[in-house]
Structure formats: structure tokens, C-alpha cells
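Notes for the one structure printed next.
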Protein chains: 2
Amino acid sequence: MGRQGGSVRADTADGAAGELVRARRRELGLTQQDLASAAGVSRQTIISMETGDYAPSVYLALRVAGTLETTVEALWGAG
Amino acid sequence: MGRQGGSVRADTADGAAGELVRARRRELGLTQQDLASAAGVSRQTIISMETGDYAPSVYLALRVAGTLETTVEALWGAG
DNA sequence: AGTATGCGTCACGTCAACTTGACATGTCAA
DNA sequence: TTGACATGTCAAGTTGACGTGACGCATACT
């Protein structure tokens, strides 16, 4: 794998979710790639999710929340 | 607004969520337009959400779940 | 009959969700 | 130093999320 990149930005989000995802991912000792593989998306998608204002689909959000052993509300509902 | 239409289909979903959204909406005595307005989307989006296999964004899902007084997991996590 | 409401379809447009790929940086170990 | 690993940026492409507007079709109510 390795080195990917891209632009994936939204305007619907507020960025707070990204920090929560990142924090929870680190708590579990997962790399972005680990999370990406577990959630079935590319690493770039995870990067965008954590760093940018990004609005994933419900299904992706559910897979990420599941992988991080938490809920969609806890990660994205915080506002 | 009134009478809308359009094509909004996905392949990520399984259709089960649509039935749950519809059932919950009816329980609360809301019309599709009511839910659409409350969630800040068009009626067509609600139609697609209920009838088709459709993958809304997390934020839309959260607003719909909130309006329907339930959770994202309850509506889309059922499988 | 006419009219209004609720639901769905057809058709088309815009922008974002997600992709792949190459490159840069910093850290840690051999 | 060399190199692997983790994270991030820049760029460009495909598909789908969501919008708008018009139409069909029931089921009401008047």
C-alpha cells in the first residue's frame, strides 16, 4: 500500500467527528490503514474522515463505528 | 414544493432500512414531506430512502433518526 | 364532477463521496 | 545512512447523493 492521497472534502460536517474517530482509533492502537481495511474503504477515505470536513455514508459510518467499538451517534452526533 | 420525482439509487444498502424509516414515520403520523422538511432534504430524497436501496450521508441519517426519535443504529444497523 | 393530498416514476443536472496513484515528511530501527 | 512505516498533500477520475420540475395514480372530501 502505501502512500495515497487525494481531495475529499465536504461542507456538511463540522470537523469534530474527525477528531473523535482519530482519538478512538488510536485508543485501539489501529493505523489508518487498519481502519480502512476493516471498514472496506481506502486509506484516503479515512484520512479525509479524520482531517477534513467529510460526510461519509451511513453504512460506512456504521462500519467505522463498529470497528471502533462505538456508535455513530457517539462519533458524529456530538456536534 | 410538491410533487417531485427523480432517481436516487444506491447499491450499498439492503432496503431493510427503508421499511423501518417508513414504519417509524407512520407511527409518528408524519408525511414524507413532513419528514423531508424536518430533515432538511427534498421529498424525493425521503422517497428514495424508503423505497430504494439508498445510502444517505451520516448527517442526514442522524437528522432523520432524530426526527423519528430513534437512532441510526436502529434504522440502518439492523441489517 | 372537480379538487386536494399523499405517494411514486421519469428525466436531467450538480457536486461530493470514494477511488487510485505519485510524492513529501517525520520517526524509528537496523 | 538506508529503509520501512505512518501520516498527510496534490491531482484526476467514476459514480452516486441530492436537487428540481413535470406527470400518473389512488384515495379522499365537497
Side-chain angles (χ1 to χ4, degrees), chain A residues 1-15 17-68 72 75-76, chain B residues 1-15 17-68 72 75-76:
Chain A
M1 101 156 120
R3 290 90 232 200
Q4 288 168 191
S7 63
V8 184
R9 291 280 144 73
D11 57 323
T12 320
D14 57 3
E19 293 304 325
L20 291 174
V21 168
R22 171 170 303 175
R24 187 70 189 124
R25 173 177 62 79
R26 286 183 171 156
E27 271 181 36
L28 296 178
L30 299 173
T31 74
Q32 293 178 329
Q33 183 58 55
D34 290 336
L35 179 52
S37 298
V41 291
S42 69
R43 187 175 70 95
Q44 176 58 37
T45 295
I46 301 299
I47 292 178
S48 301
M49 199 153 94
E50 292 186 356
T51 66
D53 286 333
Y54 177 75
S57 72
V58 211
Y59 296 100
L60 171 52
L62 281 165
R63 291 198 302 270
V64 167
T67 300
L68 298 183
V72 168
L75 293 175
W76 284 273
Chain B
M1 48 154 105
R3 283 97 229 183
Q4 288 168 190
S7 62
V8 184
R9 292 278 145 73
D11 57 322
T12 321
D14 56 3
E19 294 302 326
L20 292 174
V21 168
R22 171 170 302 175
R24 187 73 190 122
R25 173 176 61 80
R26 286 183 170 155
E27 271 181 36
L28 296 178
L30 299 173
T31 75
Q32 293 179 328
Q33 183 59 56
D34 289 337
L35 178 54
S37 299
V41 291
S42 70
R43 188 175 68 94
Q44 175 58 38
T45 296
I46 300 299
I47 292 178
S48 300
M49 199 154 94
E50 293 186 354
T51 66
D53 286 333
Y54 177 75
S57 72
V58 211
Y59 296 101
L60 172 52
L62 281 166
R63 290 198 302 272
V64 167
T67 299
L68 299 183
V72 168
L75 294 175
W76 285 274

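We name chains A, B, ... by the order of the sequence lines, and we start the count at 1 in each one.
In this model, a side-chain donor or acceptor of Arg43(A) finds a partner on the base of dG8(D) within 3.5 Å.
If you take CG of Leu62(A) and P of dA17(C), they are 16 Å apart, rounded to a whole angstrom. As rounded to whole Å, 13 Å separates atom P of dC18(D) from atom CG of Leu35(B). The distance from atom CD of Gln33(A) to atom C1' of dT20(C) is 13 Å, rounded to the nearest whole Å. Atom CZ of Arg63(A) and atom P of dA17(C) are 15 Å apart (whole Å). A straight line from CG of Leu30(A) to C1' of dT7(D) spans 15 Å, rounded to a whole angstrom. Between the CD1 atom of Ile46(B) and the P atom of dG19(D) there is a distance of 9 Å, rounded to whole Å. What separates CD of Glu19(A) from C1' of dG8(D) is a distance of 14 Å, to the nearest Å. Counting to the nearest Å, the P atom of dA17(C) and the CD atom of Gln44(A) are 13 Å from each other.
Contact annotation: Arg25(A) reaches the phosphate of dT7(D) (side-chain N/O to OP1 or OP2, under 4.0 Å). Distances shown here put every side-chain N or O of Thr45(B) at or beyond 4.0 Å from the OP1 or OP2 atom of dA17(D).
Listed nucleotides dT20(D), dA17(D), dC7(C) differ in distance to Gln32(B); the shortest reach to its side chain belongs to dC7(C). Here dG8(C) is the nucleotide among dT19(C), dG8(C), dG8(D) with the atom lying nearest to any side-chain atom of Glu50(B). Here dG8(D) is the nucleotide among dG8(D), dT20(D), dT19(C) with the atom lying nearest to any side-chain atom of Ile47(A). Closest approach to the Thr31(A) side chain among dT19(C), dG8(C), dA6(D) is made by dA6(D) (side chain taken as heavy atoms from C-beta onward). Considering only side-chain atoms of Arg22(B), the nucleotide from dG8(C), dT19(C), dT7(D) that sits closest is dG8(C). Nearest nucleotide to the side chain of Ser57(A), out of dG8(C), dA17(C), dC18(C): dC18(C).
Across all strands, Arg26(A) comes closer than 4.0 Å to no nucleic acid atom at all (heavy-atom distances).
Separating the CG atom in Leu35(A) from the CZ atom in Arg43(A) is a distance of 12.0 Å, to the nearest 0.5 Å.
The shortest side-chain heavy-atom distance between Leu20(A) and Trp76(A) does not fall under the 4.5 Å cut-off.
Partners of Ser37(B) under the side-chain contact (heavy atoms from CB on, under 4.5 Å) rule, at least two apart in sequence or in another chain, are Gln33(B). Under the salt bridge (Lys or Arg N to Asp or Glu O under 4.0 Å) criterion, Glu27(A) pairs with Arg24(A), sequence neighbours left out.
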Chi angles and distances behind the side chain to side chain donor-acceptor pair (under 3.5 Å) call for Ser48(B), Thr45(B): CA-CA 5 Å; Ser48(B) 300; Thr45(B) 296; over 6 Å; no

